There are 2 protein chains.
Amino acid sequence: MGGTGSEAALSSAMRTAIGAAEGVRGTTSPNPPVGCVVLDAAGAVAGIGATRPPGGPHAEVVALREAGERARGGTAVVTLEPCSHTGRTPPCTDALLAAGVARVVHAVSDPMPVAAGGADILRAAGVEVHSGLLAEEAESGPLRAWLHFARTGRPHVTWKYAATLDGRSAAADGTSKWISSPEARAEVHELRRRMDAVVAGTGTVLADDPQLTARTPEGGLHEHQPLRVVVGNRPVPAGARVLDDTAETLLLPASDPDTVLAELAGRGAVDVLLEGGPVLAGAFAAAGRIDRVLGYIAPALLGSGRAALGDAGVGSISQAFRLHVEQVTMVGPDVRVSAVPVAQE
Amino acid sequence: MGGTGSEAALSSAMRTAIGAAEGVRGTTSPNPPVGCVVLDAAGAVAGIGATRPPGGPHAEVVALREAGERARGGTAVVTLEPCSHTGRTPPCTDALLAAGVARVVHAVSDPMPVAAGGADILRAAGVEVHSGLLAEEAESGPLRAWLHFARTGRPHVTWKYAATLDGRSAAADGTSKWISSPEARAEVHELRRRMDAVVAGTGTVLADDPQLTARTPEGGLHEHQPLRVVVGNRPVPAGARVLDDTAETLLLPASDPDTVLAELAGRGAVDVLLEGGPVLAGAFAAAGRIDRVLGYIAPALLGSGRAALGDAGVGSISQAFRLHVEQVTMVGPDVRVSAVPVAQE
């Protein structure tokens, strides 16, 4: 790439933009969590922005406002191709042109027909446009769920479970506190705060009475709480913690995954955490509606008790749902495995 | 340390000695697999040796023979304190003194009362003796099983299993070929060739008809084959592959772990691989006779089918067998977890 700034400086700016986007995950749906860094004509960082909640400005506008006159002749580094359509806010292409930006570098091209064309509009106006910088990092990072939603019309589902090495999520007497470590549980709270919705079955609510909130290590509530969704036909007792007033809760008397996902999509949910239990997770697996598996495997053995995953319609080894391991990490004493369906690779 | 050779050179020699010991694991029991490097007076490697099969020379003698006259005034770097007793072979201390070695550096002190005192005898004869160099690596590596045997009188048991992320070792219809990858299966063959015995239950033999041999990637037999042990009271059909003539097989009509281990100890087995199935593994877990867990976790989901571990007498989460993860490694597409009981740390 020519112009101001080396490839390394642009990559550094894109990493900053990806980080900014990651920071607003869970607060932007149905809009994508985007990050933007504006470099001035000399290549110095003049503004950093991330998508504000729906109705608020997009990442480019936030970054351009911070940059002010320094944007003129500079470069906008964005995780997603700037939008060219008027939604609740004016097109970002207008804002970039008005600011006099000379170059736009984005990671991922916009797959949504209604918004595509941003790059073309910018080019037609004389702006230099490059796409693809750190595209994989943006796609597998903050944009993963939104891109999935854009392509399929369905929210992205992460099935999170905690189990022993032998695949048990509770002991024979039903006790499960705690299988995973405090470190793993803290990480799940961090995960929830980045989600639009957290889904559990009535069986889990009746058995474990989870609150399904996103809490800080000190026990306080995070600013953003995901929608709590209880799925299934068994009645939820009035005193259940999931019905308290710490966050919104949706009771869905359905258990078919596509019914559940259509309802959540209608509510603008893009990124969904499926927290069990085994029956519900089995139904999602059988329907091919698990887009990522996040397992917290505790180094322990039980030998009996509730299995992490219930019947998923698999009869023979050849029908097993095969995944690809993205990442294996130690979280405190536990092993965290992140895996995605092989077909999705 | 004074004398010839820097600390780094001694560490390097000890690593070579540990590697040499690792190479003879499975062929030395009931003697320990030991490695020895002899450095000449200038600090150059003059000889490398590892324990020969029972009745053959110990590691020190092998290395001293290679070093010849160059051993005089030199250093013997050994993974285990040299023995001072006459068994089937003369004491290694005699050989070291006869060779005129000026210094002995060993990793681990000998815990066996009958053989202890090697360091004292050497010191009394004017040899400089240091212990503890890379002791942890030797203890957790080639000497692990033998040290366990020396301390407890029981063979060291590694429970190896292959399962899906949700803890299943077979599908609902009993099929299990293949849950783990070719890479993982090849590693298990490498593991078996380092073992004294491989143990499976009659249930597994009837269900899967395993051969339980150690084969090369090309399908040939490794030179060393572990004793194949079939445990349980159900009759094994005459045509079972485990009864073929590729290796020795012991049919043990017992299922109590301590009975099994006592029988194996009596046959000189120190390092034992428990390959299942779930009922036998559950019995070993319940008896506290699993010393290491080696799980090959395939990134796949089944949702039903045979659990990797059967009933182990655990009723409540507080009774779970807690382990400590030693190592997590990718083996092809699979996740290998090595863990040891928390109490053994």
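Reckoned from all heavy atoms, side chains included, excluding hydrogens, waters and symmetry mates. Naming: A, B, ... by sequence-line order, numbering from 1 per chain. This structure is a prediction, so every number in the text was calculated from the model and none was measured.
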Pairs of heavy atoms under 4.5 Å with chain B: top-ranked of A:Gly167, A:Ala172, A:Ala300
A:Ala300
Cation over ring, B:Arg185 on B:Trp178, under 6.0 Å and within 45°?
yes
Between B:Glu275 and B:Val188, is the side chain to side chain contact (heavy atoms under 4.5 Å, CB included) condition met? List the steps.
CA-CA 10 Å; B:Glu275 295 216 34; B:Val188 169; 4.2 Å; yes
Using a cut-off of under 4.5 Å for heavy-atom pairs, which of B:Pro299, B:Ala171, B:Gly295 has the most such pairs with chain A?
B:Pro299
Hydrogens and angles aside, do A:Ser176 and A:Arg306 bring a side-chain donor and acceptor to less than 3.5 Å of each other?
no
For chain A, which of B:Val328, B:Thr164, B:Leu165, B:Val293 has the most heavy-atom pairs under 4.5 Å?
B:Leu165
Minimum heavy-atom distance between B:Val314 and B:Ser316, given as atom pair plus value:
CG1-O, 3.4 Å
Is B:Ala163 in contact with chain A via its backbone, its side chain, both, or neither, using a 4.5 Å heavy-atom distance?
neither
Can you tell me which portion of B:Ile179 sits under 4.5 Å from chain A's heavy atoms? Options are side chain, backbone, both or neither.
both
Run B:Asp244 and B:Arg228 through salt bridge (charged side-chain N to carboxylate O under 4.0 Å, His left out) and show every step you take.
CA-CA 11 Å; B:Asp244 68 17; B:Arg228 302 182 290 187; 2.9 Å; yes
